[in-house]
Amino acid sequence: MSKKIVTFGELMLRLAPERYYRFSQAGSYGATYGGGEANVAVSLANFGLKAAFISKMPEHEIGQIGINSLRKYGVDTSFIARGGDRVGIYFLEKGASQRPSKVIYDRAGSSISAASKEDFDWDKIFENVQWFHFTGITPALGDNVAEICLEACKRAKEKKITVSCDLNYRNKLWSKEKAGRIMEELCKYVNVCIANEEDAGDVFGIKAKHTDITAGKVSHEGYKEVAQELKTRFNFSKVAITLRSSISASDNRWAAMLYDGKEFFFSREYLMHIVDRVGGGDSFGAGLIYSSINDYPSQEAIEFAVAASCLKHSIEGDYNQVSVDEVKKLAGGNASGRVER
């Protein structure tokens, strides 16, 4: 029986004006669900793997609908704790052209932010589990959640479960100083570190040389040094960094690098016209987990992860709605977007 992947974090209700309307224009809001670790679980389930999502959700209908949104894709929700009063909300105004997207959080007091260690039996949760994934968003929700996350990491390590972490720094949730202090402790238990082009600098002060994110200039050599320093500090087995060059809110160049402690592997670069970029990094993480579990060679692994994420940017909502076959076709060079008949 194949083992499963467990992810731990917050599932949120996303409220967004239709199309590219601004908040000031909105007469109604579309309601969907998403969250960093939940997005990873959905991607992995769509890839045919056994994936479970761990969180705490209220028992009322809004909480249940969120859980149902995961069950729809085959995600195991049986260990989600129930209780508390509210589901965290985020409002999304999608940007276009030179106008950036905006996110407003309304998540204070959510069920997961008020969770306790007693809500989660990690011995049971980690039965027959191969991989555990969390992001830097989860410990940012409160000191109590950071402690729960640390307990999960320690237990996973004891059970020889591979642990991955997407640094995913959010300045609206905590300061760089606090993020660095807490993530420093958590990363002692992490095997695979995932970051975007800014995370290592924001969290650990490790910045890429000859890179200007706002100008869209990304130095490959600079990120080699970032990956090496992360590896040296935490002894990660792998470091993956996504490399986004932002031409505008609508058009980005997208690639990534994987460092296995010996060699560096760079993916091909895609020019993407963006439909929805939320969840793009999560779909990359899921692609890397999938390719790692299936023992892809490093170059194939990073190509698969980047292709999965590239496709996500064309899909509305947080969840990535693609199959392994679709990702493999793009990773193999079929990027024309021609109609399939």
Side-chain angles (χ1 to χ4, degrees), residues 4-18 26 28-47 49-94 103-116 119-121 125 132-142 144-145 148-149 152 166 168 170 172-173 276-283 285-286 312 315-322:
K4 65 182 178 182
I5 303 98
V6 165
T7 73
F8 172 57
E10 180 172 25
L11 181 64
M12 302 183 71
L13 173 63
R14 163 174 157 173
L15 299 177
E18 62 181 318
S28 61
Y29 288 81
T32 54
Y33 287 83
E37 297 86 354
N39 300 340
V40 170
V42 169
S43 280
L44 292 170
N46 281 334
F47 290 157
L49 298 182
K50 294 180 179 179
F53 176 65
I54 312 300
S55 189
K56 187 171 185 178
M57 297 286 283
E59 296 189 47
H60 55 55
E61 290 87 344
I62 304 303
Q64 187 61 50
I65 294 168
I67 291 174
N68 291 348
S69 76
L70 298 169
R71 288 178 174 172
K72 176 181 178 180
Y73 299 102
V75 174
D76 180 358
T77 62
S78 60
F79 288 106
I80 292 179
R82 304 305 293 270
D85 298 321
R86 70 182 303 249
V87 175
I89 298 170
Y90 81 94
F91 296 86
L92 172 67
E93 178 186 278
K94 289 204 298 183
V103 171
I104 297 174
Y105 290 124
D106 178 18
R107 66 201 303 177
S110 65
S111 291
I112 184 63
S113 69
S116 66
D119 287 319
F120 308 101
D121 184 342
I125 291 169
F132 173 61
H133 177 77
F134 70 101
T135 79
I137 295 173
T138 302
L141 298 176
N144 56 317
V145 189
I148 295 168
C149 208
D166 187 335
N168 241 351
R170 295 291 185 269
K172 292 186 177 181
L173 295 180
D276 190 337
R277 67 167 281 177
V278 178
D282 306 320
S283 57
K312 165 62 195 78
I315 296 168
E316 294 278 6
D318 279 50
Y319 298 155
N320 200 7
Q321 314 275 349
V322 297

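Fair warning: this is a prediction, and the values are worked out from it, not measured in the lab.
Residues V87 and M57 have side chains in contact (heavy-atom distance under 4.5 Å, counting atoms from C-beta outward). Within the 4.5 Å cutoff, the side chain of L44 has no heavy atoms near those of the K4 side chain. Counting heavy atoms from C-beta outward, N168 and D282 have side chains that approach closer than 4.5 Å. Contact check for V322 versus N46: no side-chain heavy atoms found under the 4.5 Å cut-off. Taking 4.5 Å as the limit, every side-chain heavy atom of R107 sits out of range of all side-chain heavy atoms of I112.
N320 CG to N39 CG: the interatomic distance, rounded to the nearest 0.5 Å, is 9.0 Å. Atom OG1 of residue T77 and atom CG of residue N68 lie 8.0 Å apart, to the nearest 0.5 angstrom. The structure places CD of E316 at 11.0 Å from CD of Q321, a figure rounded to the nearest 0.5 Å. Remark: I137 CD1 to D166 CG distance equals 7.5 Å, nearest 0.5 Å.
Listed by chain and residue number, Y73 satisfy the ring pair (Phe, Tyr, Trp, His ring centres under 6.0 Å) test with Y319 (two or more places apart in sequence, or in another chain).
Closest approach of S55 to F120, counting heavy atoms only: O-CE2, 3.3 Å. Nearest heavy-atom pair across F53 and I80 is O-CG1, 3.3 Å. Across L141 and V145, no two heavy atoms sit closer than the pair CB-CG2, 4.1 Å. Across every non-hydrogen atom of G88 and S110, the tightest pair is N-CB, 3.7 Å.
With hydrogens and angles disregarded, no donor-acceptor distance shorter than 3.5 Å links the side chain of K56 to the backbone of S113. Not a single donor-acceptor pair under 3.5 Å links the side chain of E18 to the backbone N or O of G30. When atom types are taken as modelled, the side chain of T138 and the backbone of F8 share a donor-acceptor pair closer than 3.5 angstrom.
Within the structure, side chain to side chain donor-acceptor pair (under 3.5 Å) contacts touching residues 82-92 (residues at least two apart or in different chains) are Q64-R82, R86-D106, Y90-D318.
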